[in-house]
Protein chains: 2
Amino acid sequence: MTADLNTWQGVRGEVLRRLNSRVWEPGDLLPTEAALAAEFGCARTTVNRALRDLASSGLLDRRRKAGTRVALNPTRHPVLRIPVIRQEIEGRGHAYGYALRSRRMAVPPADMRARLDVEPGVPLLHLTALHHADGKPYMYEDRWINTALLPAALSVDFDVLGANEWLVANVPFSGGDFRFMATGASRAEAEMLACAPGEALFVIDRTTHGDHGPATTARLTFAPGYRMSAQI
Amino acid sequence: MTADLNTWQGVRGEVLRRLNSRVWEPGDLLPTEAALAAEFGCARTTVNRALRDLASSGLLDRRRKAGTRVALNPTRHPVLRIPVIRQEIEGRGHAYGYALRSRRMAVPPADMRARLDVEPGVPLLHLTALHHADGKPYMYEDRWINTALLPAALSVDFDVLGANEWLVANVPFSGGDFRFMATGASRAEAEMLACAPGEALFVIDRTTHGDHGPATTARLTFAPGYRMSAQI
DNA sequence: CAGTGGTCTAGACCACAAG
DNA sequence: TTGTGGTCTAGACCACTGG
């Protein structure tokens with residue numbers, strides 16, 4: 001029993017079936033939307049949505065005039081769900097705690113300056129904080145904020161409110177990039193996160209772009225045992 | 001100058017602007033699609049696509065009858081691009097190498113058995129392999145394949161072809177989940193990956209589901225220095 | 001039950017890029 | 001130049017679910 005070819009999910013299923021069964025092989029050119037619509041007996045719009053969805057999953061390559069091809073590089077595109085840290089902790093049933101450790105204007109090191117795309121020698125707002133779960137260290141946050149783009153950050157009381165939360169609520173969002181890695185705990189990190197020096201820690205480097213450029217960059221270092229998940 | 005409100009990107013931009021400027025605050029109910037379409041002077045379809053896109057980004061919650069609300073939990077949904085390992089290495093200009101280390105039927109440990117949802121005591125195909133970049137160890141792969149769902153795997157010559165590549169090309173795809181973490185290198189891992197025992201390693205646990213259930217699960221352990229990136 | 005989003009249709013015009 | 005995907009429209013029916 002084949003799916004209903006009058007629904008876009010049904011069309012996607014049928015196309016997927018042909019991809020999996022090698023009716024269409026990697027690199028092959030698919031029929032045009034109009035042709036498929038005729039074959040399936042549905043509107044071109046329906047075929048369009050199905051193929052667009054498959055393309056967004058990385059299974060197809062679509063280009064105007066060139067047509068639709070089976071992707072040669074089958075990459076998967078899992079979607080991460082990255083919650084605000086407090087919700088992540090509370091969602092697991094733990095009590096959330098937050099402690100600002102330092103807050104000052106400072107000239108950023110070269111790598112941070114590059115990420116935020118600012119001139120050398122310009123001081124930025126530098127915050128460090130520790131997040132707790134049930135009183136135990138959970139994550140260490142080292143953040144730089146471009147106060148030229150976010151002057152409002154200067155008047156926020158980060159002693160009470162996590163920079164994370166303030167930012168997600170107040171930074172006009174336009175994009176961001178993430179890097180994930182593993183590092184051995186430095187002595188300072190080991191002390192803050194209550195672990196042994198050299199122990200493997202999960203790290204997220206995250207830069208968030210506002211409407212006028214990179215607004216803030218943060219390094220989040222998690223206590224041992226942290227796991228991040230994603231799904232397709 | 002506001003964007004063209006007759007395009008779905010334009011409508012998305014305008015809605016985004018109202019979200020950022022707190023015209024609509026978290027938890028607020030937005031006007032219906034029909035109302036917005038009337039206000040913007042476009043078709044409801046156009047509004048629908050814009051709101052659907054924002055909902056898929058996690059900024060809105062949509063439910064039939066209940067309407068569209070500004071998400072209370074502002075989570076971001078970055079999209080990972082996970083390439084086939086060979087393409088990842090070759091894409092960086094390095095020579096790719098692959099060496100199968102073991103291949104045998106074996107009864108999986110409890111955690112793997114749980115991930116693949118099979119009965120206790122059932123033997124599965126177990127593969128271990130090492131992937132190289134320019135002759136240096138890059139990633140260690142420890143994979144279990146449910147041969148009940150993928151009998152074809154038994155006749156594949158994994159000495160030559162990476163299981164990764166065979167699977168992405170041959171497993172009817174229906175979904176998967178990923179977990180990312182940092183671990184200290186065991187003595188065996190350290191030897192294989194040419195690093196010091198205890199050194200921090202990036203690990204991906206990945207389970208891929210076929211049409212009839214979990215088909216394969218793999219633990220990918222990367223040599224020190226590996227970074228994974230994602231973007232919004 | 002009834003309101004809201006989910007989706008389909010048929011037709012149309014447009015933007016882009018291959019040749 | 002011309003074919004292909006990208007998108008808009010107006011109208012319609014349906015599915016889900018809150019009240």
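Predicted model, so just to flag it, every value in this text is computed and none were measured. Order of the sequence lines sets the chain letters (A, B, ...), proteins ahead of strands, with each chain counted from 1. Values below: all heavy atoms of this structure, side chains included; hydrogens, waters and symmetry mates excluded.
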Partners passing side chain to side chain donor-acceptor pair (under 3.5 Å) against A/R52 (at least two apart in sequence or in another chain): A/N48
With B/S56 via side chain to side chain contact (heavy atoms under 4.5 Å, CB included) - residues at least two apart: B/D53
Pairing residues for B/T207 by the side chain to side chain donor-acceptor pair (under 3.5 Å) criterion, not counting sequence neighbours: B/T217
Nearest-Å distance for atom pair CD/P, residues B/E33 and D/dC8: 14 Å
D/dG6 phosphate, OP1 or OP2, under 4.0 Å from A/N48 side-chain N/O: yes
Separation of atom CG in A/L29 from atom P in D/dG3, rounded to whole Å: 15 Å
Whole-Å gap separating P (D/dA15) and CH2 (A/W8): 17 Å
Below 4.0 Å: OP1/OP2 of D/dT7 and any side-chain N or O of B/Q9: yes
Whole-Å distance separating the CG atom of B/L60 from the P atom of C/dT4: 16 Å
Under the side chain to side chain donor-acceptor pair (under 3.5 Å) test, residues paired with B/R63 that sit two or more places apart: none
Residue list, side chain to side chain contact (heavy atoms under 4.5 Å, CB included) with B/D28, at least two apart or on another chain: B/E25, B/V70
Side-chain N or O of A/T46 closer than 4.0 Å to phosphate OP1/OP2 of C/dT9: yes
Short side-chain N/O contact to D/dG6 OP1/OP2 from A/R62, under 4.0 Å: yes
Under 4.0 Å protein heavy-atom contacts per nucleotide of nucleotides 11-19 of chain C, with B for base, S for backbone only and - for none: -B--BBBB-
side-chain N/O A/T32 vs D/dG3 OP1/OP2, d < 4.0 Å: no
Atom pair distance, as rounded to whole Å: CG in A/N6 and C1' in D/dC14: 13 Å
Geometric class of the A/F180/B/F180 ring pair [parallel <30°, tilted 30-60°, perpendicular >60°]: parallel
Residues that B/H131 engages under ring pair (Phe, Tyr, Trp, His ring centres under 6.0 Å), provided they are two or more places apart: B/Y96, B/Y98
Between C1' of C/dG5 and CG of B/L30, the distance in whole Å: 13 Å
Of residues 36-43 of chain A, the positions that come close to DNA chain C - non-hydrogen atoms, cut-off under 4.0 Å: A/C42, A/A43
Pair B/E39 + B/R18, salt bridge at N-O below 4.0 Å: yes
Residues forming a side chain to side chain donor-acceptor pair (under 3.5 Å) with A/T68, sequence neighbours excluded: A/R62
Nearest-angstrom distance from the residue atom CG of B/L54 to C1' of C/dG5: 15 Å
Interatomic distance where CG belongs to A/D53 and P belongs to C/dG6 [whole Å]: 15 Å
